[in-house]
Participant: 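Dropping a structure here in structure tokens format, bear with me for questions.
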Amino acid sequence: MAVTLAQAINAALADEMEADPKVLMFGEDVGQLGGVFRVTDGLQERFGDKRCYDTPLAESGIIGTAIGLAMYGWRPVAEMQFDGFTYPAFEQIVSHLAKMPNRSRGTVKLPVTVRIPYGGGIGAVEHHSESPEAYWAHTAGLKVMTPGTPDDGYSMMRAAIRSDDPVIFLEPKRRYWMKSDTELPVTTEPTHEAVVRREGTDVTLFCYGPMVRTCLEAADQAADEGWSLEVVDLRSLSPLDTAAMVASVQRTGRAIVVHEAAMTLGIGAEVAARIQEGAFYHLEAPVLRATGFDTPYPPAKLEEYWLPDVDRILDAVERSLTF
Amino acid sequence: MAVTLAQAINAALADEMEADPKVLMFGEDVGQLGGVFRVTDGLQERFGDKRCYDTPLAESGIIGTAIGLAMYGWRPVAEMQFDGFTYPAFEQIVSHLAKMPNRSRGTVKLPVTVRIPYGGGIGAVEHHSESPEAYWAHTAGLKVMTPGTPDDGYSMMRAAIRSDDPVIFLEPKRRYWMKSDTELPVTTEPTHEAVVRREGTDVTLFCYGPMVRTCLEAADQAADEGWSLEVVDLRSLSPLDTAAMVASVQRTGRAIVVHEAAMTLGIGAEVAARIQEGAFYHLEAPVLRATGFDTPYPPAKLEEYWLPDVDRILDAVERSLTF
Amino acid sequence: MSTAASDPNDLLPPDEPVHLLDPDGTYHADPDHPLDLDDGQLRELYRMMVVTRKVDREAINLQRQGQLGVYASCMGQEAAQIGSAYALAADDWIFPSYRELGAALVREVDAAGFLHLYRGTWLSDHDPYAHNFGLMSIPIGTQALHAAGFAMGAAFDDNPIVTMTYFGDGGTSEGDPHEAMTFAGVFKAPVIFFVQNNQYAISVPLERQTAAPSLAHKAIGYGIPGFRVDGNDVLATYAVTRRAVERARQGHGPAFIEAMTYRMEAHTTSDDPTRYRTQEELDEAAKTDPIARMRNYLTARDLYDQDLEDGIEEQAKATATAVRAGIYDAEHGDPLELFEHVYDDPTGHFDHQREQLQAELAGAVDGEDL
Amino acid sequence: MSTAASDPNDLLPPDEPVHLLDPDGTYHADPDHPLDLDDGQLRELYRMMVVTRKVDREAINLQRQGQLGVYASCMGQEAAQIGSAYALAADDWIFPSYRELGAALVREVDAAGFLHLYRGTWLSDHDPYAHNFGLMSIPIGTQALHAAGFAMGAAFDDNPIVTMTYFGDGGTSEGDPHEAMTFAGVFKAPVIFFVQNNQYAISVPLERQTAAPSLAHKAIGYGIPGFRVDGNDVLATYAVTRRAVERARQGHGPAFIEAMTYRMEAHTTSDDPTRYRTQEELDEAAKTDPIARMRNYLTARDLYDQDLEDGIEEQAKATATAVRAGIYDAEHGDPLELFEHVYDDPTGHFDHQREQLQAELAGAVDGEDL
Ligand SMILES: Cc1ncc(C[n+]2csc(CCOP(=O)(O)OP(=O)(O)O)c2C)c(N)n1
Ligand SMILES: Cc1ncc(C[n+]2csc(CCOP(=O)(O)OP(=O)(O)O)c2C)c(N)n1
Ligand SMILES: [Mg+2]
Ligand SMILES: [Mg+2]
């Protein structure tokens, strides 16, 4: 059965709400409207307006009350409507959601899932195409995950909700309509593990979320060139699966990290730092990065020039191979 | 004349307020109290309570009004009382301070300096010892600088205020009382350049802010061991002086990045990524990191175990040399 | 006009919003809100509303034709925007959200330029200093602080200008307008917080934003007077705003105005309002249309005839046509501009990134020849 | 007691704070605030205030002796804290800031444990679920949202408990309490926002936080009743809080209470208040001392004698001594605990970092042998 990423996440939310009466879903416009991307479509109708409800327009309030609800014993799934609108909640996320369990010496658990549609490529106006994952992955106490396929959208979402740790769940919005031939429910690999999406021998592409598909396309094109690219979907951005990264580079000797976020201090920086440490003698060229630029996200008509695409990836591959 | 870092910054603020009547200084407790670290001591008395004033307790308000004041034509210097209390202002900093000049196609300049005492080592309670620099350095549109010496405290602060770009000015609070024998005013190197604080031949220590002194101590101790360490003070965290980093490693062949912030996606990740790219064939060992752990900042009695110190640095040096 | 409120209850809004025009155009004089508008100005208000609606409609069409990525219509809110913006002096500043086409047109911001944000040609397309009209602000409520800071800056400089910021009913829930009103109250900043209460924040109705008796009841919590006005009544909106503006200009500090209005269109062109409101509700709201009301008033006062209507229609059409021409198939600019405005002094930034893009543009990096 | 306010003006605070005891202990009956306390409870309130002050003083001493890194005294605010906390039922929850030693003692949180936060032994040292007392919250105002969320959670669960959160006059300026009150109003959450208006936020006086007629005037902006009380009057504080709590428990939603009090000590032990307030101001404030006032009242009612005083003094001393013993030279715990509580399931985290620290602790990594 063909299922889109948005449908898969919707199904995961519904199945988890069915399985566990403590799960609550809330945010701006998630109720009757079903979310601006319809990811929460039908949940209010099915589970009532106590289990799936609209909040006032206040992101710090959404996360702050999620913490209180979790302390009470609920299992909140909070939606931030867009990546760029998580910033008002930054203090609640960084100072409390990430730190309170540790502060409490483990007596307080905060099983909160923060759903964030993120990334660009949909022609949106400003603040609707941000890739804030590095902010969260740098913050100890959070788990950060992002599915690159509908199957992972379903399975990782269920795992995120079941996790007793706070999870930042980043949904690659431009892939919401990406389809997979899947029978739900489906269980994929554990959320903290990276997965090799395509094996190859010459260069590894490390990617996640929206760039998984782009990297697979790049690998297809590269094959015509005679280059064998391995594609590793990181899936979890905190923790990072260092062992899988190192293992792949031990095989290929070359690595490119691909993400939409700005290069400087993006996930690619950490991946590069870990690989050069963990696979120093295996590297035949430096780890390169094919990413967004160190400029604010551009206007819609220029985003194609800003976003990494097959060309930018293959250029990096070529630079790696000819280093 | 012996001058502390706090005094040097205070003098820079006073001199710049004197030189430019458009400079305003504001924040929580910066007026009559002179700031909780006395960095604004005497400014209100000298320049009046219109030029140096206390605000309501609202950090988003402080940065948001700073933006409005700058649009009007003032040159605001806004204090965030502590590192951990910048987070309520995150949205104003990331969505507006960093982006509005670009959004306006250059018609709006925001010459705002955000002063943030940061870092640990002073035995403080939670949220008073954070090292949030990576959040800012990942954000395009901001300049991020941090002095490691009183001379730089003076000179970089004056440069920051004069810059027409928004500057996050990170003050290493545990070094506020560090002295230097200086006659003010003093002009140091341009703010975007890294500076070699000590030359060496075996390994380079890259550091900034509070860790500059620690690295110099480490280099002293290492000398007894017969190891010659070079110490590079990055000074500017955005932009990073890649050329200086690469040049140093081309000389020494080995590098350790040292900072208090958590390792994952700290500045060290970016420094490592750039060095392995820019000095690939010169590296005799991977770039290593001696940093804080990937855990929330600990309670005061345990901070000595968390913070990088001479031992942790020299351990990394040894690992590098014996790699 | 009251000066500094000595009785705190003076800060509370009246029980009913100020209202001068009935939907049928009947005018009720109100000594507290005298009309200082001559016939030309009355026609001008009407004209601007009609032009706004026309351009607004054109924008919706342009979006449907794939020329704009998205558009947030101000249909139904023309009186609220134009009445309020018209009450400002030319030196005064406006800090808008993303829905203030009407206010932008009062400020003579080029309408096609305004829409280029929605096209995505650039992130904005007007010089704020040329119009005293700030950049559109998308993160809800954030611009309220810029308006407060700017007003503080003017007051520090003894410059008797006033700033006005627009935000929505939803916006009142965010922390930033709260902090903005706190600062404005404490510093007696000459800023008007103008809330267009259009009943919805996307799909979320007013009662999910607050349990307050009215939004204007928030003002007293900041020591600010709270006003309420029928926002579909352009004369009342003008008069109430005028009063608040003059009060601020005379040094009596900020004011909060809640304009009761209704968003006749979808939240944006991406929205499907049938999911959350009924046709009956819309039909009901349409009866209070601000443009029809003003036309009725002008007609009753013999200030309106077919010639006027034709002239205005023609002008509206011309503006819409110009907008269309300015947008349709407009090329984007030079992609290298991405690096131009990030920093005033970019020394050390973008090391090789500009070159990378340059190479990509030159086709040197080209998937095709792979 | 009024139930749902039908007249919005019922949400406004009275002109004067509720006050039952004069500084000399004279009691003024108030039919709206009957006292449902027996003699033992009256003495209990007094006893808790005295113990609080003693422990508070001990904490200041411990800080001076280098045993605590810093301490935020509640001296002068004992009545506000104890009167309000005492009005809650055992199942109700408290979400404190960092200054609520008095409220913590009402909740029987171990005083030495409480102070370990200030010592820096760990980031907190009590189980919130054992006392229904949340962790101290240092980022100003943030805990208000936790209290609102918890109250929403209780209401969703049809559990008739109430939550109370403390924050300061300065805290009312932050966005989070604003959002918390917005949520609480909309969801009718049973939460009491208890503001200790001690006149200062560190050095910044109340008039720099707001131009509002009173902090309690903020409540109406959320559809919440705003109460004001003399916070140095433990009986009034108890009675007003009690009323708000019962109202909330009966499903009538949140309340806001502004307790007028004064911070007799420095902001924290790191602060130098001589820079911003005068001895005269302090002397004036001392005249309204909450403990002396209650003692006068008990004396006048013949509920107080030397025996009682001695007994309480003894208990206070014993508690202070226990605190001292619990803090003095207390060892810190195992540094490896740094990695213990960050995640419930740390799989994949801390790769080698724990080992690094272990090695450092074992002296394997040791500067000394270099
Ligand atoms: C901080 C933030 N959160 C969420 C959004 C997404 N969003 C855009 S408009 C909107 C509703 C705004 O409602 P209101 O303030 O009433 O203004 P209106 O659109 O009705 O004019 C939302 C939630 C945003 N732009 N900014
Ligand atoms: C978000 C945030 N900003 C700044 C601070 C630093 N700070 C600690 S206490 C304080 C003053 C608080 O005043 P108030 O809310 O009146 O409470 P009080 O200390 O008087 O009890 C400040 C500014 C903080 N803890 N959190
Ligand atoms: Mg609205
Ligand atoms: Mg206070």
Side-chain angles (χ1 to χ4, degrees), chain A residues 22 24 26 50-51 53-74 76 88-89 91-92 94-96 98-111 140-143 163-166 190-193 236 238-243 274 278, chain D residues 93 95 117 122-130 134-139 142-157 159 161 163 165 174-176 178-187 189 191 333 337-352:
Chain A
K22 286 291 182 194
L24 301 178
F26 51 88
K50 290 251 145 57
R51 302 263 326 267
Y53 60 89
D54 288 332
T55 64
L57 208 178
E59 290 77 9
S60 192
I62 292 171
I63 302 299
T65 56
I67 291 170
L69 287 160
M71 287 181 76
Y72 183 84
W74 297 95
E91 181 185 38
Q92 284 290 344
V94 168
S95 294
H96 288 307
K99 296 191 173 80
M100 197 188 286
N102 180 63
R103 178 183 307 145
S104 77
R105 236 166 173 152
T107 56
V108 176
K109 301 275 179 234
L110 294 180
L142 301 175
K143 291 189 169 168
S163 167
D164 275 342
D165 289 311
T191 53
H192 62 276
E193 288 180 11
S236 170
S238 180
L240 279 165
D241 188 348
T242 313
R274 293 194 185 193
Chain D
W93 268 72
F95 291 80
L117 178 146
W122 192 258
L123 302 163
S124 76
D125 191 57
H126 75 280
D127 176 355
Y129 294 97
L135 301 174
M136 278 195 256
S137 187
I138 292 173
T142 52
Q143 68 279 9
L145 279 166
H146 310 157
F150 199 101
M152 287 165 62
F156 292 168
D157 200 27
N159 179 351
I161 65 163
T163 71
T165 180
E174 289 279 9
D176 274 8
H178 164 78
E179 299 190 13
M181 292 191 272
T182 296
F183 274 67
V186 165
F187 292 97
V191 46
E337 193 181 344
L338 296 182
F339 298 96
E340 286 313 300
H341 316 298
V342 184
Y343 295 99
D344 177 70
D345 171 10
T347 310
H349 279 282
F350 316 129
D351 285 344
H352 303 296

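What you see below is based on every heavy atom in this structure, not just the backbone, and it leaves out hydrogens, waters and symmetry mates. Fair warning: this is a prediction, and the values are worked out from it, not measured in the lab.
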Participant: Indicate, with yes or no, if the rings of A:F26 and D:F187 have centres closer together than 6.0 Å.
Facilitator: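 When the ring centroids of A:F26 and D:F187 are compared, they turn out to be at least 6.0 Å apart.
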
Participant: With a 4.5 Å cut-off on side-chain heavy atoms, are D:W93 and A:M71 touching?
Facilitator: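 Yes, side chains in contact.
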
Participant: May I ask you to test the D:L145-A:I67 pair for a side-chain heavy-atom distance under 4.5 Å?
Facilitator: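 D:L145 does not reach A:I67 side chain to side chain.
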
Participant: Taking D:D344 for the side chain and A:S163 for the main chain, is one N or O donor matched with an acceptor at less than 3.5 Å?
Facilitator: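 Not a single qualifying donor-acceptor pair exists.
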
Participant: So which part of A:E193 gets closer than 4.5 Å to some heavy atom of chain D, the side chain, the backbone, both or neither?
Facilitator: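 A:E193 has no heavy atom closer than 4.5 Å to chain D.
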
Participant: Rounded to the nearest 0.5 Å, what separates atom OH in A:Y72 from atom CD1 in D:I161?
Facilitator: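 Result: 5.5 Å between the selected atoms.
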
Participant: Test your reading of the model: is there a side-chain donor-acceptor pair from A:T65 to the backbone of D:A148, 3.5 Å cut-off?
Facilitator: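 Such a contact is absent between A:T65 side chain and D:A148 backbone.
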
Participant: Given that the side chain runs from C-beta out, which part of D:D345 has a heavy atom under 4.5 Å from chain A: side chain, backbone, both or neither?
Facilitator: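 It is both, since atoms from each part get that close.
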
Participant: What residue, out of D:T182, D:L338, D:N159, has the most heavy-atom pairs lying under 4.5 Å from chain A?
Facilitator: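 Highest number of heavy-atom pairs under 4.5 Å: D:N159.
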
Participant: Identify which part of D:A180 has an atom lying under 4.5 Å from any heavy atom of chain A, answering side chain, backbone, both or neither.
Facilitator: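 No part of D:A180 comes within 4.5 Å of chain A.
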
Participant: What residue, out of A:K109, A:R51, A:H96, has the most heavy-atom pairs lying under 4.5 Å from chain D?
Facilitator: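 Of the candidates given, the most pairs with chain D belong to A:H96.
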
Participant: Measure the spacing between OG1 of A:T107 and NE2 of D:H341 and express it to the nearest 0.5 Å.
Facilitator: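 If I round to the nearest 0.5 Å, the distance is 9.0 Å.
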
Participant: Heavy atoms only, distances under 4.5 angstrom: which of A:A140, A:P111, A:A66, A:S238 has the most pairs with chain D? Name it, please.
Facilitator: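 Heavy-atom pair counts peak at A:S238.
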
Participant: Between D:Y343 and A:L142, is there a donor-acceptor pair closer than 3.5 Å when you use the side chain of the first and the backbone of the second?
Facilitator: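 Checked: pair present.
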
Participant: Tell me the closest heavy-atom pair linking D:T347 and A:P239, and the distance in Å.
Facilitator: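 Smallest interatomic distance, heavy atoms only, reads O-CG, 3.4 Å.
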
Participant: Only pairs of heavy atoms separated by less than 4.5 Å count here; which of A:S104, A:P76, A:A70 has the most with chain D?
Facilitator: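 So the answer, after comparing A:S104, A:P76, A:A70, is A:S104.
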
Participant: Can you find a heavy atom in the side chain of D:L123 that is under 4.5 Å from one in the side chain of A:K99?
Facilitator: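 A side-chain contact under 4.5 Å is absent here.
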
Participant: Please identify, among A:T55, A:D241, A:I63, the residue contributing the most non-hydrogen atom pairs under 4.5 Å to chain D.
Facilitator: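 With the most close heavy-atom pairs to chain D, the winner is A:T55.
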
Participant: Hey, are the side chains of D:D157 and A:K50 touching, using non-hydrogen atoms and a 4.5 Å cut-off?
Facilitator: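 D:D157 does not reach A:K50 side chain to side chain.
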
Participant: Would the distance check show the side chain of D:E340 and the main-chain N or O of A:R105 forming a donor-acceptor pair, the cut-off being under 3.5 Å?
Facilitator: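 No.
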
Participant: Starting at CG of A:D165, measure out to NE2 of D:H349 and round the result to the nearest 0.5 Å.
Facilitator: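 Answer for the CG-NE2 pair, A:D165 versus D:H349, is 7.5 Å.
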
Participant: So do A:N102 and D:W122 actually touch side chain to side chain, heavy atoms under 4.5 Å?
Facilitator: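 Contact flag for D:W122/A:N102 side chains = yes.
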
Participant: If you define the side chain from C-beta out and look only at heavy atoms, does anything of D:P139 sit under 4.5 Å from A:Q92?
Facilitator: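 Heavy-atom side-chain distance check fails, nothing below 4.5 Å.
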
Participant: What option among D:L117, D:V342, D:V186 has the most heavy-atom pairs under 4.5 Å with chain A?
Facilitator: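 Top count of heavy-atom pairs under 4.5 Å with chain A: D:V342.
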
Participant: Heavy-atom pairs under 4.5 Å with chain A - which of D:H146, D:E179, D:Q143 has more of them than the others?
Facilitator: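 Option with the top pair count is D:H146.
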
Participant: Contact part of A:S60 toward chain D, heavy-atom cut-off under 4.5 Å: side chain, backbone, both or neither?
Facilitator: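 It is both, since atoms from each part get that close.
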
Participant: To the nearest 0.5 Å, tell me how far D:S124 OG sits from A:M100 CE.
Facilitator: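 Reported value, rounded in 0.5 Å steps: 10.0 Å.
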
Participant: For a 4.5 angstrom cut-off between non-hydrogen side-chain atoms, does D:P128 reach A:V108?
Facilitator: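 Yes - at least one pair of side-chain heavy atoms lies under 4.5 Å apart.
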
